[in-house]
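Structure record follows, encoded as structure tokens.
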2 protein chains.
Amino acid sequence: MSAKSKGKQLRFRCWIDIDGERFFGPGRAELLALIHETGSISKAAKAMGMSYKKAWTMVDGLNANGSKPYVISHKGGQQGGGAEVTPAGLKMLKSYQKLNKRLFSIVESNIDILKLI
Amino acid sequence: MSAKSKGKQLRFRCWIDIDGERFFGPGRAELLALIHETGSISKAAKAMGMSYKKAWTMVDGLNANGSKPYVISHKGGQQGGGAEVTPAGLKMLKSYQKLNKRLFSIVESNIDILKLI
DNA sequence: CAACGATATGTACGGATGGGTATAACGCAA
DNA sequence: TTGCGTTATACCCATCCGTACATATCGTTG
């Protein structure tokens with residue numbers, strides 16, 4: 001159903017693998033940012049149009065494969081529970097966003113490659 | 001079977017979409033380069049450990065979705081046939097490789113992000 | 001104690017992807 | 001005219017992946 005974007009697009013993606021498995025990338029970065037905003041995995045997932053399970057799997061991967069947890073979650077309580085991004089998670093997020101911006105500026109300045117098509 | 005690479009890796013990828021469909025990227029770039037070297041789609045595919053069918057599908061996509069063909073192929077003949085990369089294909093390939101190098105240098109200089117893990 | 005909202009987790013289904021196989025067309029060489 | 005190597009293309013099947021669905025758990029609140 002997703003109406004695929006029209007026209008020519010120069011795109012890029014940057015990510016981190018650990019032992020060949022995805023550890024951090026644009027999806028997890030956006031998820032982390034939204035968890036930080038909303039204080040909830042499920043709300044963040046909904047905001048991204050992603051299933052809770054997929055979001056949880058991503059969070060679980062971050063916490064399991066890194067040396068420090070990026071998200072702390074709580075069951076039960078006043079609002080039924082919640083989640084918060086740790087300082088380590090925020091630091092990784094910000095560094096990733098910085099790198100992404102640098103890459104974006106390069107890509108942007110090379111848009112002319114599309115004219116070769 | 002593929003022994004996934006060990007350790008932390010900072011990776012990136014850059015590609016061109018047309019109407020949301022893959023048009024050009026690292027795989028097609030490598031394929032194009034190998035076709036240019038070997039003069040044959042099947043040899044290039046073999047060199048990449050890729051099936052001929054997949055390689056042909058890529059080449060077909062390049063020729064069908066761009067405004068100019070990137071590969072000209074010949075059936076029959078002395079060696080049974082062959083393929084050559086057009087000047088337009090070579091130009092795109094070189095521009096892509098240039099852009100890729102620029103991006104790589106940025107990524108390389110940001111390797112320290114791996115220490116945050 | 002019952003309800004609520006969010007975390008946590010397993011299982012089952014369906015679509016997309018990619019590989020394998022098979023086959024045909026083609027043009028030169030022997 | 002037969003053989004050869006490559007392009008070109010159809011069809012089937014195994015596998016992977018995402019999504020959906022179904023529960024269970026937990027702790028505060030009323």
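Bear in mind the structure is a predicted one, so any value in this text is a computation, not a measurement. Sequence lines set the chain letters: A, B, ... in the order given, protein chains first and strands last, and positions in each chain run from 1.
Straight-line distance from the CG atom of A:L62 to the P atom of C:dT7: 15 Å, rounded to whole Å. In this structure, the NE2 atom of A:H74 is 12 Å from the C1' atom of C:dA6, given to the nearest Å. Rounding to whole angstrom units, CE of residue B:M58 and P of C:dT17 are separated by 13 Å. Nucleotide C:dG5 holds its P atom 18 Å from the CD1 atom of A:I41, rounded to whole Å. Nucleotide C:dA6 holds its P atom 16 Å from the CD atom of A:E84, rounded to whole Å. The interatomic distance linking B:Q79 (CD) with C:dA30 (P) rounds to 11 Å, in whole Å. To the nearest angstrom, P of C:dA22 lies 18 Å from OH of B:Y52. As a whole-Å value, the separation of A:K75 NZ from D:dT25 P is 8 Å.
Residue contacts shown for A:G77 include a base, since a base heavy atom lies under 4.0 Å away.
Remark: side-chain polar atoms of B:N63 are paired, donor with acceptor, to backbone N or O of B:Y70 under 3.5 angstrom.
Residue B:K43 places its side chain closer to D:dT6 than to any other of D:dT7, D:dT6, C:dG18. Picking from C:dA6, D:dT7, C:dC28 the nucleotide with the shortest atom distance to the side chain of B:Q78 gives C:dC28. Here C:dT9 is the nucleotide among C:dT7, C:dA29, C:dT9 with the atom lying nearest to any side-chain atom of A:K53. You'll find that the side chain of A:W56 is closest to C:dT9, out of D:dT7, C:dA6, C:dT9.
Nearer to the 5' terminus of DNA chain D, by closest-nucleotide assignment, is the contact made by A:K54 (compared with the other of A:K54 and A:G76). Nearest-nucleotide positions on DNA chain C place A:G81 closer to the 5' end than the other of B:G49 and A:G81. Residues B:M50 and B:G80 both approach DNA chain C. Their nearest nucleotides, taken by heavy-atom distance, put B:M50 toward the 5′ side.
The environment of NE2 in A:H36 is sparse: at most 12 heavy-atom neighbours from other residues, nucleotides or ligands sit within 6.0 Å.
Taking only side-chain nitrogens and oxygens, B:S40 comes nearer than 4.0 Å to OP1 or OP2 of D:dT7. For B:S73, a side-chain nitrogen or oxygen approaches OP1 or OP2 of D:dA8 to under 4.0 Å. Distances shorter than 4.0 Å separate none of the side-chain N or O atoms of A:S42 from OP1 or OP2 on C:dG5.
Between A:L31 and A:I41 there is no side-chain heavy-atom pair separated by less than 4.5 Å.
Ring geometry for B:F12 versus B:F104: interplanar angle of 30 to 60°, hence tilted.
When every heavy atom of B:V85 is checked against every heavy atom of B:L90, the shortest pair comes out as CG1-N, 3.7 Å.
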